[in-house]
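Every chain is numbered from 1, with letters handed out A, B, ... down the list of sequences.
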Amino acid sequence: MNELLIIIFAPLLGGVLAWALNVRGIRELLGVAGAAVPLAYLVKLYSELDASGQLSHSIDFAGFTFSFSLTHLTWVFAMIAGVVGLASTIAMVSTSRDGYEWLFALMSLTGAYGVFLSFDLLGFFIFWELMTVGSFMMVLKYSRSAGLKYFVLSVVGAFAMFLAIAKIYALSGSFAFPDVANAVYYAMGRGDLALVFGLFLVAFGVKAGMFPLHVWAPDAYSETNQSYTAMFSGVLSKTGVYGFILIYMLIGYRLMVEFGAFRSAPKFGYIIAFLGGLTIIVGGLLAALQEDIRKLFAYSSISQIGYILVAFGVGTSLSIEAGIYHAISHALFKGLFFLIVATIIYRTGKTTFADMGGLAEKMPFTFAMAFVAILSLAGIPPMAGFVSKWLIFEAVISQNLPILGGMVFFGSAIGFVYLIRFTYAVWFGQRPTDLDDTKDAPLPLAVAMAILAIPNIVFGIAPGLVVKELNKIFGGEIVTSPTLWELNLGFGRYNGLLILVWLIVGLLIAAVIYFLGAPVRKVPVTDTYQSGNPVTMEYNLTIRRNFFLPLKEALAFWLRISFDKLYRDIGAWVEDFAEVMRNYVYNGNVQSYAWYLALILLILAMWGV
Amino acid sequence: MVSLLKRSLAIISILVIGYWLAQGLAGVPFGEDKMLVGHYYLQHVKEQTGAVNAVTAVVVNYRGLDTLGEVTVLFIASTGVAALLWRKKRERTAKVGGSPVLTVGTKFLVPFVMLFGAYIFIHGHLTPGGGFPGGATIATAFLLLYMAFTIYEIPHKAFEKVEGLAGMGYVLVGLIGLAIGGYFLFDWIWQDWQWGVDNIGRLFSGGFIPIIYTIIGIKVGTELSGIVDNMLKEEVRE
Amino acid sequence: MNVPDISIYYFGAIALVLIGLYAALVKKNLLKILIGLSIMETGVNLLLISIGYVSGKSAPILSEGVGPTQAVDPIPQALVLTAIVIGVATTAMALSAVVLIYEKYRTLNVEEIRRLRG
Amino acid sequence: MNGQYASLLIALPLISAFFVPLIKELGRKAVMGYLVMITALQTAIAGWVANEVYSTGKPIIVIAGGWKPPVGINLYIGHFAALFVLIIAVISFFMAIFSFRAVNVEPVDKYAMLFLLLMLGATGMIATGDIFNLFVFMEITAISAYALTAYNKTGEAAEASMKYIVLGGIGSSFFLIGVALIYGATGTLNMAHLAQLAGAIDPTVAQVGLALIIFGLAVEAELFPLNAWAPDAYQAAPHPITVMFSAFVVKAGLYAIGRLLYLFQGAEGWSGLLRLLVILATLTVIVAELSALRQKDAKRMIAYSSIGQVGMIAFALALGTQAGVSAGVFHMVNHAIVKALLFLTVGYVGVALGGTAIENFQGLGKRMPLTALTITIGSLATVGIPLFNIFWSKIRILLAGVEAGYSWSVALILGASVVEAVYYFRLVHTMWFVEGGGRIRENFAIGVIAIFLAALIIVIGVYPNDVWTIVQKAGQDLFNVANYIKNVPLMGVGA
Amino acid sequence: MNVIGLIEYIIVALMVISAILAVEWRDLLAAAVGMAAVSLFASILFFMLQAPDVAMTEAAIGAALSGAIVIFAVKRTQRFETEEEEKPGWWVRW
């Protein structure tokens, strides 16, 4: 079954060819083909997968045996990578100019496919590294500091994972998941188990952007070709999420047995959930305070991942299914958001809120897409975002974990806050004079946005489609869905179609009132927000310029503790220590070098005597 | 002077190292017969190589590759010294020549010293001493000339060619051994042609040892005088 | 800590090696270090020969009087022949490097010859 | 042509080196052409020997002078030696071509002689089967390295050579004391014979002797505190010589450590020495990688990175398991190719733009695209990115490391390779994404060599199976002492 | 303690003393002579250890030539070891 290999390596092949034949027309064609082929194969394999439940293929290469397998779980994640990857590559047709970006974007897509489909730890690690390198080179092109920060953190994560894999390999003698699972269960000591869990937590936490390790995300997401960011935040962060599922699959059972539970959630799960909750809060708050549109969505992407981590942390099969569902919807609406940002930047060249405004008339199609994305992110009923968030709320509350529940609710509230900021500052209000002639999104970007918007709506209205797939992963009727449009959890029901009908009825009534009823007057819109204190230039709180300044001042104390500064200090300290040590050790004086020889002789003598 | 702390630290560390070495050497008692392969050599040196001086036989015949390496090392040294001290135009800067005793003595002595050097390496397989001391004696002869006369210079271009030829000669002897006897550095004169098998202890015996020692003697002589020549010349700044 | 009773030759050889090492560790002048190095090599050669010595036996020249069982071990002597010439070769190389250094740096003090560092 | 003709590997460079003074007058072009021809011939012979060894599977035992091993000296050209003699010959051939362009300091005939004898020394060290012969070949390599380091006759070159001489001299003296002790205890110098007698040696003598031998070789193989001479020597030597240093001179020292370490398995205090070597090797990796962080000169930076990788090889060899040794040998092969490429290209930039300071590398992507591309491939490979060759050997070493129980050192080495990734990507960023000067025409021959090496890196990276099988055989040859003793035709030498 | 043993002790003592002096003397020429003396005594010891070949080689090469080369090197550099006080931080310079 080497279709699996074709799925994995098609993007890389396309990327390399695109880089080699660096001709304007052919390059784009090859790139998009590279992203489309795996998606086509995934769809083709769906029927066989349904029949046999698992398609696996193994090759032995360079002395190791690599095995790949397509199960329901990996099929779902691979489909995310496929859809969002295809949309992002189509969008890149308009935004990327040279073969360099095609090569490394598609290399990271290959890495993502490889991570999802590999069935042994070594293959998993190799594709993980490939993905990191691909995405790193995309960021390095735009800015060195952001690139290096991203690379160092993700390589630290990758090497933590490698150490854990090496420890397991030393124990089990093979990399395949089944052997690993029972080796860890039967043979691993308690200390090693905790170490391996810690290392995996760090490794997947970095890639998913968990709270203490999220510092690379804002710079990396903003300092690269924006249409690639759709894939970057949509697909690559999902590999981190997939990693957490791996933790459950491989060492989860032993961890539960070894460390027991904490208020109905496994202890190790509670750690993940708590960190996920912190991620939601930190991501949300910082997103609200941003002035740059890309940074806002970067932080919001982090906080959405927090939701998934909380869902996984709770540990019941319902919560994990909710987490995966949210992963799907997050990939869709976050991908869509970054494509919208890409279009705005492509057309206006501006990235901060202060220079934007009133683009709704000029870019109607993009605004429609933005409207869909905003509804989905905020979790308004007809959209997929709502369904997944609702499932997570139900899962968390049903396990009566008040703290996590509180964090999740806070997250959706803060989410709403920064969304208002985005909608109003970019789409409505006065348009700066230089943006008068902005045209709507070019065709490739428009197609890409459409690809991501449609499933947002469809999965919102007909969640049964998704739930049917997710149930297959767990083998049981976790979330019963009598008809395509209904979900029934026993203690909560949702009917997508009914709500859509009511929404349309409401809209019609509003439209009638709007057109027939109150005469519409052109109201000069002025941004006034003084509430009594004197209007000074730097305190002029318009929707576009430091709208949340009071919030920032309120949080001033908390904002000082920033992990970003901590990591930068560690980096600077390491470099200073390296310089001092080097000047001490290699000080050029041949006599000191002779003393080193004498020192080694003394060590040999002492140890010998 | 270098501070007391550093000297005392040095002394302590070398004492510790010395103690450790001494402990190691205690396991190899002085004066005891520790030979294993040595006995084989002593028993078989006469009939296998024809040399009376076992050391020479071991140096040239049994462990010939070592000596080949050894000759290369000296060749590298002389080339290296020549490469480092190479200047476009160089001249001897000695201002005062030797005293009359030295100059007359040198004129008289040099041929005899060279003759004695030649004697040493020709009789290498019989009497103690071989290519290296012979060559060194010849080099001291040239050294004497350098000391005595301020303008004397060895013809270093010719000496380099002699070095090259001697080195090639040695390897050719080895290759002939490979061609005839099947092994590199194989003593075909003694083993195949059985020359001088009957008169062990006299000049024409010992296989190819005298030939190789003559080659080594000439090579070492020219190389060491080459080094002395390079050392004694300094750059001429126009 | 029993002081090992080694023969005077071993003691002499080790003493030379250690004095050579001492010179390299303490002396600031480059030439002095090289002299120390040469002394160390002489010491090692002496050690090699004294390991090969068998008391009461004669030189390995198997002329009429000396049979195969009365000779000292020839192998260390063969090795030392090579080692001496290697020692001279290293010393010659080192001295030409020192001459070059003096020409460029105008000093032999080890602490000033430090352009390549860090 | 029976096996004994493999001794041409030693005879050819020697006789051609001695021949150079005779053709000195024909001028620089003739001498350099002669050098290229000789190295090509050596590559052919090495290729023939390697083919012979790998096809028949039996090592070639070259018997010098016709005397069987413990009496005479033998050259043991097994799987490892055949592979590495070929690598030495090929890289010397490439460097001979590179010397055309890179070396224009005057006495070029002397350079050619020293070049050939450096190659001879390294080949001899790897092929020999006798510890004193190993000392002689080590001296040949060392002294020609001293001369070649100081070849540029600048103040720095002489200083670097002086440091190398002082440290190398002390190291080789103690090596000789070790050989003396081992000879005193066993009575023989042949490696196979020693392996048989290793168990019977008196414990303290074995411990002191083995420690001194490994100490002497460690100075040559650049373990942590003893490698202080290496960065200066790499930086000051002419560019082709630096490539030879990092590609095979260090490897010969490492091979010697590996070979002697596993020969003396029977001896006392063996496992203690192994642990000490692992600690030293880990320190080497960490200190070397950290020292390369804020380097102003690219060549010195790559020198530190090469020392770091050599430390990793030493770590692999000192693990004491078959997996570790095979991984170490695989890393030796990969490291030789990658570092040859890096030093070749950086050296060429030094020749073309005058000096290898990092500033010269700004905007290299536009100025010398081919060289910049090959440097990038080399850097990505060194860092250990999946699709390149060092990745495979690095993970094998680290897996073997954790398996052998040194997970702490593996963690530290991983940390060091994060540091390595940082300074290599800084170089890549300076080259591609910073504005630089005008375009410079690139030499064709050096470009072809660079492309060949880069292609080799990617081919091994993408499909490492064949190289891995070859390297596994070489690893067994190094680790499996029993069949080493079986292969060498030892004469029974009674007292 | 027979006579031969006594001579051995004397010569080894002389050798070690001349080695120490060779290292300690400030005048480099004297140091070179000291080194030659060490080599000479070593040659005598070799003779007593029944190794005539090595004794001759050591005498010819060790004493004569390496002594001569060092003297020529002293000629081209400086005669006396320069004396300067110990700067602080003697252990490490950078």
Please flag which part of [X] lies under 4.5 Å from any non-hydrogen atom of chain C: side chain, backbone, both or neither.
X	answer
Y164(D)	neither
K296(D)	neither
E139(D)	side chain

Original post:
Do T90(C) and Y146(D) have side chains that get closer than 4.5 Å, going by heavy atoms?
Top reply: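 Heavy-atom side-chain distance check passes, below 4.5 Å.
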Roughly how far, to the nearest 0.5 Å, is [atom2] of [Y] from [atom1] of [X]?
X	Y	atom1	atom2	result
L47(C)	I177(D)	CG	CD1	6.0 Å
D232(D)	R114(C)	CG	CZ	11.5 Å
M40(C)	S173(D)	CE	OG	5.5 Å
L25(C)	I170(D)	CG	CD1	7.0 Å
R115(C)	T154(D)	CZ	OG1	8.5 Å
E159(D)	I101(C)	CD	CD1	6.5 Å

Original post:
Do side-chain atoms of K104(C) reach the backbone of K153(D) as a donor and acceptor pair under 3.5 angstrom?
Top reply: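 Present.
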For [X] and [Y], which heavy atoms make the closest approach, and how far apart are they?
X	Y	answer
V136(D)	T82(C)	CG2-CG2, 4.1 Å
Q235(D)	L116(C)	OE1-CD2, 3.4 Å
M93(C)	A147(D)	CE-CA, 3.5 Å
A158(D)	L100(C)	CB-CD2, 3.8 Å
S161(D)	A97(C)	OG-CB, 4.2 Å
Y183(D)	P76(C)	CE2-CG, 3.8 Å

Subject >> side chain to side chain contact (heavy atoms under 4.5 Å, CB included), paired with L176(D), selected from L79(C), V44(C), I86(C) >> reply: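 The single option meeting the side chain to side chain contact (heavy atoms under 4.5 Å, CB included) with L176(D) is V44(C).
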Subject >> Largest heavy-atom contact set with chain D, pairs under 4.5 Å, which of N45(C), D73(C), I14(C) >> reply: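 Ranked by contacts with chain D, first place is D73(C).
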**OP:** Below 4.5 Å from any heavy atom of chain D, which atoms of L37(C) appear? Answer side chain, backbone, both or neither.
**Re:**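 Just its side chain gets close to chain D.
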